[in-house]
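Worth knowing before you read on, the calculation uses all heavy atoms, side chains too, and leaves out hydrogens, waters and symmetry mates. Order of the sequence lines fixes the chain letters, A, B, ..., with proteins taken first and strands second; residue numbering starts at 1 for each chain.
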Amino acid sequence: MSRYVPEDVETKWQRIWEEGGHFHVEADPSRPKYYVLEMFPYPSGRIHMGHVRNYSIGDVVARFKRMEGHNVLHPMGWDAFGMPAENAAIKNKLHPAAWTISNIDSMRVQLQRLGYSYDWRREIATCHPGYYVHEQRFFLKFLEKGLVYRKHSPQNWCETCGTVLANEQVIDGCCWRCDQLVVQKDLEQWFLRITDYAEELLADLDKLVGGWPERVLTMQRNWIGKSVGAEITFPLAAPLGGTDGADGITVFTTRPDTLFGATFMSLAAEHPLVASLIAGKPQEAAVTAFVDKVRNLDRIVRSADDLEKEGVFTGAYCVNPATGREIPIYVANFVLMGYGTGAVMAVPAHDQRDFEFARKYDLPMQVVIQPEGATLNAASLEAAYVDPGVLVASGEFSGMQNEAAKSAIIDWLDGSGRGKKSINYRLRDWNISRQRYWGAPIPVIYCEKCGIVPVPDVDLPVELPRDLALMPDGRSPLPHAPSFTDVACPLCGGKARRETDTLDTFFESSWYFARYASAREQDRPFDPAELAYWLPVDQYIGGIEHAILHLLYSRFFVKALRDCGLIAFDEPFANLLTQGMVIKDGSKMSKSKGNVVDPDLMIGKYGADTVRVFILFAAPPEKDLEWSDTGIEGASRFLSRLWRLATEELAGLLTPVAPCATAESLGLDGLPPLFAELRRREHATAAKAGADIRERFQFNTAIAAAMELVNFLYANVEALRAEPKGAKAVSSAVGTLLAVLSPIAPHICEELWQSLGHKTLLIEQPWPAHDPSALVTDTVDIVVQVCGKLRGKISVARDASNADVERAALAEVNVVKHIEGKTIRKVIVVPGKLVNVVAN
RNA sequence: GCCGGGAUGGCGGAAUUGGUAGACGCAGCGGACUCAAAAUCCGCCGGUCGCAAGGCCUUGGGGGUUCGAGUCCCCCUCCCGGUACCA
């Protein structure tokens, strides 16, 4: 047989699988379905090792589940809108569409070279009008339902990208994509009411426990940031009260039990009441200066590690609704307009931040909660007391436990309209407007007379014009293209202007997983029957970096589309696997570090199967994987060994026998014990690799198990060849080896399977069903400990009684030495495993 | 600060329910083959003492539970990830 030439083997089988349509899949209610999905890539031009890892993991799962008899949906597509296309287009004088499509074409070839078992008939590209027309309809449906709205407010603005960002897309005060510092800019934008779903998004995380990594659930919980407390209104003190339409300042607090200790009020610099509070007061100039300073320093300093707490008195007072006392109103740099109401009732005795602030500005402090067995004194307090205790100086509530006092005080306030129970979320509504060209147009029209008018369904999709030249500064050309913007109002026929913002690209990725179920459906986004069969995704696989952004948006979208009657499930991804990064020399691969390993080069040098084996063998999926040039040599060596084993060492011996064939059919009787041992190892390999893949996604140990079987076969080649009657047993073992490795290294296994004389394809074989009784041996090795220390090993019959095992253990030579002159206190026998002799 | 996760040979990692620590691979060392090299095959490969049999030590550090702890409990150190004035 010929030398192992990966390229020949791989192109051969890729062609056969492709021509046979072997990975095409149709819904079949008579069979159990399995939907495995890897996060689709942005078509940047070349795949990188992170993709190879992600898609290799997914492909093993897909191929394995097929072998286990599932009807497996395993699709691939392209997250094809986004800024890199615009940048590249400007640089290379190419249209973003042309750049994107050519990238998709070359990346598809790369993926196909790796032998991934996708149903390519379902391929989607989000920049295709046939895709985004559906999300334009979603948008209009959301608009109709009030789930999407327009709002004017300060927005996160990235100067480099020339567009706004959602809160989730601001990382450490910088743009998630380009790391540019984000600034605030007043703009009117489209928002999606994700906050309407905050409670469900939080509660349903419990349904994902067990299926999703705990840390992703925690990150989402923290991001949603639910706080239970109260909204309490502090009336403004005369002469301000009621004079300017503002009755008071409403705060959100999680500690209504400390209300009697609120001795001043802190407002955010951006709080709308600040201007009217200071108007005409001596403090006006100082406050204005402070507000300007805080707002200008904004993000930069506010994101600094420990910004000094500062504030300034407004000259105005409000009234603590519990004590009736007037308290001063401050503007403070640590109060955020974006959380709660932008106003905080300050309780310095029981909040560390307020404590520091009060000490700095010499503000009064009132202890209202006393710990058990101690008496706090405001004057001598060294830090805020934040733990539970009993209320004091709190009117009728004095003497209550503080936890009970929370609801008691809320009820008391509620009775007189001064406050109410309130739940606050950290989660903000999702800003979906982007001032970019290469995205899906937002399908509305602004009419001078009629206002905001949805684009009528017959006019959908609003296609992104492809004949526009990009602006050299990277700004969107859409607002400057009359052919796009100038339209007649669909309602009155009058002069109107088309919306020129496009949708955040996370809009596309929030529903693509459902589109695969019926990717070519034209008039509607989904075929309900297909959706009902395939969704939700059984196993989703991707990087941890999407723990919040994409995964939260997708969860929200599913719920929103469900409430629009378009889908009928609650959560998109039943199980989530977050794979670690591929690193080199200790850090993430990047051009600037010059440590990038190109998958294509590796495939060219070693073949796709070797690349797959290495990337799956080097680390378990959740951990970061250090790329190793010698490590991939090892993977290559292993496949060559496998090849030589089947084509040289055991040549002439191998026949088309079913993997894990029955003992009777192999005719083991009368053969040397080696053959029974081979069969035991064959079945153990199938059992171990199956469990590792099925239950733990632990491909590294599955591969290790296969390597052990290969090593065993090599070690016994001579003896195996010497017994022609054992040929069937050897063939069964080799067949099992190939079947077990086939999800991981599909091409070489298919080729060797054929070389065994099989007429069927290996990809159509079931996973080898091991016979549990084949794993049982006549004798078992037992380790013998004396006082917990290993002193010897004995071999006993599998069904030996504990007494027999104990007797044998105590007779072991080295054990005898160690118990000599001692009294045996106790003997512990763990059947089949171990004996521990306790003696002193 | 808070919340997760982690620390095992020279390296990547294994040990699934508390039961032989170091599977498998990489690197290294020795040998066979070869004029030689590559490739391949065989052997060794945590530290330490010992001719050997075998002993002692060893899973970041310290304590504990247990016949027995990498695994469970408590304390500490360090590393990684997330998050951070959230009222």
(request) Hey, which sits more toward the 5' end of RNA chain B by its nearest nucleotide, A:I828 or A:A715? (result) A:A715
(message) Quick check for you: among B:A14, B:C42, B:G82, whose closest atom lies nearest to any side-chain atom of A:M219?
(response) B:G82
(request) Provide the distance between the two C1' atoms, one in B:C26 and one in B:A14, to the nearest whole Å. (result) 15 Å
(message) So, using side chain to side chain donor-acceptor pair (under 3.5 Å) as the criterion, who are the partners of A:S227 when residues are at least two apart?
(response) A:Y339
(message) Please give the distance between the C1' atoms of B:G64 and B:C85 as a whole number of Å.
(response) 40 Å
(message) Suppose we define a pair by two distances each less than 3.5 Å, Watson-Crick or G-U wobble; what does B:C2 pair with here?
(response) B:G82
(message) Any side-chain N or O of A:K309 below 4.0 angstrom from OP1/OP2 of B:C85?
(response) no
(message) Checking base pairs now: Watson-Crick or wobble, both atom distances under 3.5 Å. What partners B:A7?
(response) B:U77
(request) Confirm from the modelled atom types if A:K688 and B:U16 form a donor-acceptor pair under 3.5 Å, side chain to base only. (result) yes
Protein and nucleotides 2-9 of chain B: nitrogen or oxygen contacts under 3.5 angstrom:
none

List, with names and distances, any nitrogen or oxygen atoms from the protein found under 3.5 Å away from nitrogen or oxygen atoms belonging to nucleotides 48-51 of chain B.
none

(request) Answer yes or no: is there an ion pair linking A:E677 with A:R680, defined by an N-O contact shorter than 4.0 Å? (result) yes
(request) Report the residue (A:A618 or A:H818) whose heavy-atom-nearest nucleotide on RNA chain B is the more 5′ of the two. (result) A:A618
(message) Does B:A39 have OP1 or OP2 under 4.0 Å away from a side-chain N or O of A:R644?
(response) no
Enumerate the protein-to-nucleotides 21-27 of chain B contacts in which both atoms are nitrogen or oxygen and the separation is below 3.5 Å.
residue, atom, partner, partner atom, Å
B:A23, O2', A:E708, OE2, 3.1
B:G25, OP1, A:N711, ND2, 3.1
B:C26, OP1, A:R637, NH1, 2.5
B:C26, O2', A:T630, OG1, 2.7

(request) Under 4.0 Å between any heavy atoms, over every strand shown, what does A:K789 touch: base, sugar-phosphate, or nothing? Just pick one. (result) sugar-phosphate
(request) Sort out the partner of B:A27 for me: Watson-Crick or G-U wobble, both distances under 3.5 Å, none otherwise. (result) none
(request) Have a look at A:R221 and say if it touches a base, only the backbone sugar-phosphate, or nothing, with a 4.0 Å heavy-atom cut-off. (result) nothing
(message) Using a 4.0 Å heavy-atom cut-off, does A:K226 contact any base of the nucleic acid, only the sugar-phosphate backbone, or nothing at all?
(response) nothing
(message) Salt bridge check, A:K226 against A:E199: does any charged N sit closer than 4.0 Å to a carboxylate O?
(response) yes
(message) As a test of reading the structure: which of B:G13, B:C85, B:A15 is closest to the side chain of A:R696, going by heavy atoms?
(response) B:A15
(message) I'd like to check A:L205 versus A:R221 (side-chain heavy atoms, cut-off strictly below 4.5 Å). Are they in contact?
(response) yes
(request) Please list, by residue number, the residues of residues 831-840 of chain A whose heavy atoms come closer than 4.0 Å to an atom of RNA chain B; answer none if no residue qualifies. (result) A:K833, A:L834, A:N836, A:V838
(message) Are A:F614 and A:Y606 an aromatic pair, judged by ring center distance below 6.0 Å?
(response) no
(request) Hey, can you tell me if A:W430 and A:Y553 have their rings parallel, tilted or perpendicular (30° and 60° cut-offs)? (result) parallel
(message) Please give the distance between the C1' atoms of B:U40 and B:G46 as a whole number of Å.
(response) 29 Å
(message) Would you say that A:F234 contacts A:I329 through its side chain, given a criterion of any heavy-atom pair below 4.5 Å between the two side chains?
(response) no
(message) Going by salt bridge (Lys or Arg N to Asp or Glu O under 4.0 Å), name the pairs with one or both residues in residues 341-357 of chain A, residues two or more places apart or in two chains.
(response) A:K309-A:E356, A:D351-A:R353
(message) If only side-chain N and O atoms count, and only distance matters, is there a donor-acceptor pair under 3.5 Å linking A:N222 with A:R426?
(response) no
(request) Under 4.0 Å between any heavy atoms, over every strand shown, what does A:Q698 touch: base, sugar-phosphate, or nothing? Just pick one. (result) sugar-phosphate
